[in-house]
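For the numbers below, each heavy atom of this structure counts, side chains included, while hydrogens, waters and symmetry mates do not.
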Amino acid sequence: MPSFDHNTTITPATQNDYDSLCACDPYAQTHPERRKEIAHAIDTKTCFVAQKDDLIVGYIISDRVFYGQPFIWSLMVHPQYRNEGIGAVLMHYIEAHTSGEKLFTSTNQSNLPMQHLCEKLGFTQSGIIENLDEGDPEIVYFKRLAGREAK
(Lines give C-alpha, C1' and ligand atoms only; values in the text may rest on other atoms or scores of the structure.)
Protein backbone atom coordinates (compact mmCIF):
# COMPACT_ATOMS: atom_id res chain seq x y z
CA MET A 1 0.00 0.00 0.00
CA PRO A 2 1.98 3.04 -1.24
CA SER A 3 1.98 6.11 0.98
CA PHE A 4 2.81 9.53 -0.47
CA ASP A 5 2.47 11.93 2.42
CA HIS A 6 2.02 11.55 6.13
CA ASN A 7 -1.54 10.25 5.87
CA THR A 8 -2.62 9.71 2.25
CA THR A 9 -2.54 6.22 0.75
CA ILE A 10 -3.52 5.06 -2.72
CA THR A 11 -5.03 1.61 -3.24
CA PRO A 12 -7.00 -0.13 -6.00
CA ALA A 13 -10.72 0.55 -5.64
CA THR A 14 -13.04 -2.28 -4.62
CA GLN A 15 -16.80 -2.71 -4.77
CA ASN A 16 -16.86 -1.80 -1.08
CA ASP A 17 -15.56 1.67 -2.06
CA TYR A 18 -18.30 2.38 -4.61
CA ASP A 19 -20.67 4.40 -2.40
CA SER A 20 -17.82 6.47 -0.97
CA LEU A 21 -16.47 7.20 -4.46
CA CYS A 22 -19.87 8.38 -5.63
CA ALA A 23 -20.27 10.46 -2.47
CA CYS A 24 -17.01 12.32 -3.06
CA ASP A 25 -17.95 13.13 -6.67
CA PRO A 26 -20.59 15.88 -6.92
CA TYR A 27 -21.20 15.00 -10.60
CA ALA A 28 -21.90 11.35 -9.75
CA GLN A 29 -24.59 12.42 -7.31
CA THR A 30 -26.74 13.78 -10.15
CA HIS A 31 -25.57 11.82 -13.20
CA PRO A 32 -26.22 8.05 -13.34
CA GLU A 33 -23.78 7.65 -16.25
CA ARG A 34 -20.90 8.78 -13.97
CA ARG A 35 -21.91 6.20 -11.38
CA LYS A 36 -21.84 3.55 -14.12
CA GLU A 37 -18.36 4.74 -15.19
CA ILE A 38 -17.12 4.41 -11.62
CA ALA A 39 -18.59 0.91 -11.27
CA HIS A 40 -17.02 -0.14 -14.58
CA ALA A 41 -13.63 1.25 -13.54
CA ILE A 42 -13.79 -0.70 -10.29
CA ASP A 43 -14.71 -3.88 -12.19
CA THR A 44 -11.86 -3.42 -14.68
CA LYS A 45 -9.36 -2.51 -11.94
CA THR A 46 -8.62 0.90 -13.49
CA CYS A 47 -9.80 2.95 -10.50
CA PHE A 48 -7.61 3.88 -7.55
CA VAL A 49 -8.69 5.60 -4.35
CA ALA A 50 -6.99 8.11 -2.12
CA GLN A 51 -7.57 7.58 1.58
CA LYS A 52 -6.73 10.05 4.28
CA ASP A 53 -7.26 9.12 7.91
CA ASP A 54 -9.21 6.02 6.70
CA LEU A 55 -11.65 8.15 4.66
CA ILE A 56 -11.90 8.01 0.88
CA VAL A 57 -11.11 11.55 -0.27
CA GLY A 58 -10.65 11.06 -4.01
CA TYR A 59 -10.14 8.73 -6.93
CA ILE A 60 -8.47 8.46 -10.30
CA ILE A 61 -9.37 6.34 -13.33
CA SER A 62 -6.70 5.44 -15.86
CA ASP A 63 -6.38 2.86 -18.62
CA ARG A 64 -4.87 2.34 -22.08
CA VAL A 65 -7.99 2.68 -24.24
CA PHE A 66 -6.86 6.04 -25.70
CA TYR A 67 -5.00 4.91 -28.84
CA GLY A 68 -3.22 2.28 -26.74
CA GLN A 69 -1.64 4.98 -24.57
CA PRO A 70 -1.93 5.48 -20.81
CA PHE A 71 -4.72 8.00 -20.24
CA ILE A 72 -6.15 9.49 -17.06
CA TRP A 73 -9.90 9.66 -17.68
CA SER A 74 -11.08 11.00 -14.39
CA LEU A 75 -9.57 12.65 -11.35
CA MET A 76 -11.85 13.60 -8.49
CA VAL A 77 -11.10 14.95 -5.04
CA HIS A 78 -13.87 15.39 -2.50
CA PRO A 79 -14.67 19.14 -2.33
CA GLN A 80 -13.82 19.20 1.39
CA TYR A 81 -10.26 17.96 0.68
CA ARG A 82 -9.34 20.04 -2.36
CA ASN A 83 -6.19 22.17 -2.40
CA GLU A 84 -4.37 19.72 -0.12
CA GLY A 85 -2.29 18.07 -2.86
CA ILE A 86 -4.42 14.93 -3.13
CA GLY A 87 -4.96 15.38 -6.87
CA ALA A 88 -1.20 15.60 -7.39
CA VAL A 89 -0.67 12.49 -5.25
CA LEU A 90 -3.15 10.55 -7.40
CA MET A 91 -1.55 11.77 -10.64
CA HIS A 92 1.94 10.86 -9.38
CA TYR A 93 0.66 7.40 -8.45
CA ILE A 94 -0.48 6.78 -12.03
CA GLU A 95 2.82 8.10 -13.39
CA ALA A 96 4.75 5.73 -11.14
CA HIS A 97 2.58 2.69 -11.93
CA THR A 98 2.01 3.01 -15.66
CA SER A 99 4.19 1.49 -18.34
CA GLY A 100 5.40 3.34 -21.39
CA GLU A 101 6.97 6.70 -22.04
CA LYS A 102 3.83 8.80 -22.48
CA LEU A 103 0.88 9.75 -20.31
CA PHE A 104 -2.20 11.64 -21.48
CA THR A 105 -5.16 13.28 -19.79
CA SER A 106 -7.73 15.91 -20.69
CA THR A 107 -10.02 18.46 -19.15
CA ASN A 108 -12.65 20.96 -20.18
CA GLN A 109 -11.48 24.45 -21.08
CA SER A 110 -13.64 25.71 -18.20
CA ASN A 111 -11.82 23.51 -15.62
CA LEU A 112 -9.06 25.89 -14.62
CA PRO A 113 -8.01 23.97 -11.47
CA MET A 114 -7.27 20.83 -13.53
CA GLN A 115 -5.43 22.86 -16.15
CA HIS A 116 -3.24 24.40 -13.44
CA LEU A 117 -2.58 20.97 -11.92
CA CYS A 118 -1.55 19.53 -15.29
CA GLU A 119 0.81 22.41 -15.95
CA LYS A 120 2.25 22.22 -12.41
CA LEU A 121 2.96 18.49 -12.92
CA GLY A 122 4.75 19.02 -16.24
CA PHE A 123 2.00 18.17 -18.70
CA THR A 124 1.80 20.23 -21.89
CA GLN A 125 -1.18 20.87 -24.12
CA SER A 126 -1.37 18.41 -26.98
CA GLY A 127 -4.59 19.39 -28.73
CA ILE A 128 -8.22 20.37 -28.41
CA ILE A 129 -11.31 18.30 -29.06
CA GLU A 130 -14.41 20.25 -29.97
CA ASN A 131 -18.04 19.17 -29.57
CA LEU A 132 -17.78 16.81 -26.60
CA ASP A 133 -19.42 19.30 -24.26
CA GLU A 134 -21.26 22.03 -26.13
CA GLY A 135 -19.37 25.31 -25.88
CA ASP A 136 -16.63 23.88 -23.61
CA PRO A 137 -13.79 22.30 -25.63
CA GLU A 138 -11.72 19.48 -24.17
CA ILE A 139 -8.00 20.24 -23.83
CA VAL A 140 -5.76 17.18 -24.21
CA TYR A 141 -2.57 17.13 -22.14
CA PHE A 142 0.58 15.04 -22.62
CA LYS A 143 3.58 14.23 -20.45
CA ARG A 144 6.71 12.38 -21.47
CA LEU A 145 7.72 10.15 -18.57
CA ALA A 146 11.43 10.58 -17.93
CA GLY A 147 13.65 7.56 -18.23
CA ARG A 148 10.97 5.39 -19.84
CA GLU A 149 11.18 3.37 -23.01
CA ALA A 150 8.28 2.87 -25.39
CA LYS A 151 6.40 -0.39 -24.84
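For Ile38 against Ala28, the heavy-atom pair with the smallest separation is CD1-CB, 4.1 Å. The two residues Thr8 and Val89 have their closest heavy-atom pair at CG2-CG1, 4.1 Å. Looking at every heavy atom in both residues, Ser106 comes nearest to Glu138 through OG-OE2, 2.6 Å. Shown here for Cys24 and Pro79, the closest heavy-atom pair between the two residues is O-CD, 3.7 Å.
Counting heavy atoms from C-beta on, the side chains of Pro12 and Lys45 never come closer than 4.5 Å. Residues Lys102 and Lys143 fail the side-chain proximity criterion, which asks for heavy atoms closer than 4.5 Å. Taking 4.5 Å as the limit, every side-chain heavy atom of Ile10 sits out of range of all side-chain heavy atoms of His97. Under the 4.5 Å side-chain criterion, counting only non-hydrogen atoms from C-beta, Val57 is not in contact with Gln51. Looking at Ile60 and Ile94, their side chains come closer than 4.5 Å, going by heavy atoms from C-beta outward. In this structure, the side chains of Leu55 and Tyr81 come closer than 4.5 Å at one or more pairs of heavy atoms. With contacts defined as side-chain heavy-atom distances shorter than 4.5 Å, the pair Cys47/Leu21 qualifies. Using a 4.5 Å heavy-atom threshold, the side chains of Tyr59 and Asp25 count as touching.
The closest side-chain donor-acceptor pair between Asp43 and Gln15 falls under 3.5 angstrom.
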Cut-off 3.5 Å, no hydrogens considered: what does the side-chain donor-acceptor table look like for residues 117-131, sequence neighbours left out?
none

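Put simply, Met91 and Phe142 are part of two different groups of oily side chains (I, L, V, M, F, W, Y) that touch within less than 4.5 Å, one to the next. Hydrophobic clustering places Phe104 together with Trp73 (ILVMFWY residues linked when any side-chain heavy atoms are closer than 4.5 Å, directly or through intermediates). Under the 4.5 Å side-chain contact rule for hydrophobic residues, Leu132 and Tyr67 share a cluster.
The CG atom of Leu75 lies 5.0 Å from the CE atom of Met114; values are rounded to the nearest 0.5 Å. Considering CD1 of Ile42 and OG1 of Thr14, their distance stands at 7.0 Å, rounded to 0.5 Å. To the nearest 0.5 angstrom, Phe48 atom CZ is 9.0 Å from Thr11 atom OG1. Here the CG atom belonging to Asp136 is positioned 8.5 Å from the CG atom belonging to Asn111, to the nearest 0.5 angstrom. The structure places SG of Cys22 at 6.5 Å from CZ of Arg35, a figure rounded to the nearest 0.5 Å. Put simply, CD1 on Ile56 and OH on Tyr18 are 13.0 Å apart, with the number rounded to the nearest 0.5 Å.
Side-chain N or O atoms of Gln109 include none that pairs as donor or acceptor with a backbone N or O of Ile139 at under 3.5 Å. A donor-acceptor pair is defined here as one N or O able to donate and one able to accept, closer than 3.5 Å; no such pair exists between the side chain of Ser74 and the backbone of Ile61.
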Inset, instruction - Please step through side-chain contact (heavy atoms from CB on, under 4.5 Å) for the pair Phe71 and Val65, ending with a clear verdict. - result: CA-CA 7 Å; Phe71 191 93; Val65 177; over 6 Å; no
Legend entry - Candidate pair Arg34 and Glu37, rule salt bridge (charged side-chain N to carboxylate O under 4.0 Å, His left out), full reasoning: CA-CA 5 Å; Arg34 175 66 69 95; Glu37 291 168 6; 3.7 Å; yes
Inset, instruction - Kindly indicate, with the supporting measurements, whether the criterion side-chain contact (heavy atoms from CB on, under 4.5 Å) is fulfilled by Lys36 and His31. - result: CA-CA 9 Å; Lys36 288 178 186 174; His31 291 80; over 6 Å; no
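Atom NE2 of His40 has 12 or fewer heavy atoms from other residues, nucleotides or ligands within 6.0 Å.
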